[in-house]
*Asks:* 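Have a look at the structure that comes next, please.
As the structure is a prediction and not an experimental result, all values here were calculated from the model.
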Amino acid sequence: MSKTSPDNVNSPSHYNSGAIECIDAIESATGHNFKYYLQGNIMKYLWRFDYKGKPVEDLRKARWYLDALIKDVEAEQLETDVAQSINYVK
């Protein structure tokens, strides 16, 4: 039986101990301000990547949050585009 190593970037086990993943609860609690939470985490991981002994892991975490921010902003832009097109049709 092969033992897989934990994925501390995409699915850290310490964030999955309940019925809902921590990031989902934060998104729900912060609503449209979620992007600022993501931005703060990107800054945090970029700021300290060279000081904790696992620089590549921290850079991957920054990239994970950046990818999430891109998805969030794309979804927000889509909502805006749809709302504008609905108003245009009226």
*Asks:* Rounded to the nearest 0.5 Å, what separates atom CD1 in Ile42 from atom CH2 in Trp47?
*Replies:*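 CH2 of Trp47 is found 15.5 Å from CD1 of Ile42.
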*Asks:* Are side-chain heavy atoms of Leu46 and Tyr65 found at a separation under 4.5 Å?
*Replies:*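 Leu46 vs Tyr65: side chains apart.
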*Asks:* Can you pull the salt bridge (charged side-chain N to carboxylate O under 4.0 Å, His left out) pairs that have at least one residue in residues 60-72, sequence neighbours excluded?
*Replies:*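 Non-adjacent pairs meeting salt bridge (charged side-chain N to carboxylate O under 4.0 Å, His left out): Glu57-Lys61.
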*Asks:* Under the rule for side-chain contact (heavy atoms from CB on, under 4.5 Å), what residues qualify as partners of Phe49, not counting sequence neighbours?
*Replies:*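 Testing Phe49 for side-chain contact (heavy atoms from CB on, under 4.5 Å), a comparison that skips the adjacent residues, returns Pro55, Asp58, Leu59.
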*Asks:* To the nearest 0.5 Å, how far apart are CG in Leu66 and OH in Tyr45?
*Replies:*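 Output value for this atom pair is 14.0 Å.
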*Asks:* Going by the salt bridge (charged side-chain N to carboxylate O under 4.0 Å, His left out) test, which pairs reach into residues 22-32, not counting sequence neighbours?
*Replies:*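 Residue pairs passing salt bridge (charged side-chain N to carboxylate O under 4.0 Å, His left out), neighbours aside: none found.
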*Asks:* Can you name the one residue among Ile26, Leu69, Ile70 that meets side chain to side chain contact (heavy atoms under 4.5 Å, CB included) with Leu38?
*Replies:*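 Single pass found, and it is Leu69.
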*Asks:* Return a table of donor-acceptor pairs under 3.5 angstrom between the side chains of residues 73-82 and protein atoms on other chains or two or more places apart.
*Replies:*
from: Glu76; atom 1: OE1; to: Lys35; atom 2: NZ; distance (Å): 3.0
from: Gln77; atom 1: NE2; to: Asp81; atom 2: OD1; distance (Å): 2.8
from: Thr80; atom 1: OG1; to: Glu76; atom 2: O; distance (Å): 3.1

*Asks:* Measure the spacing between OH of Tyr36 and OG1 of Thr30 and express it to the nearest 0.5 Å.
*Replies:*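 Reported value, rounded in 0.5 Å steps: 11.0 Å.
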*Asks:* For Tyr37 and Asn33, which I'm curious about, is there any donor-acceptor pair between the side chains at under 3.5 Å?
*Replies:*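 Not at all, the side chains of Tyr37 and Asn33 share no donor-acceptor pair under 3.5 Å.
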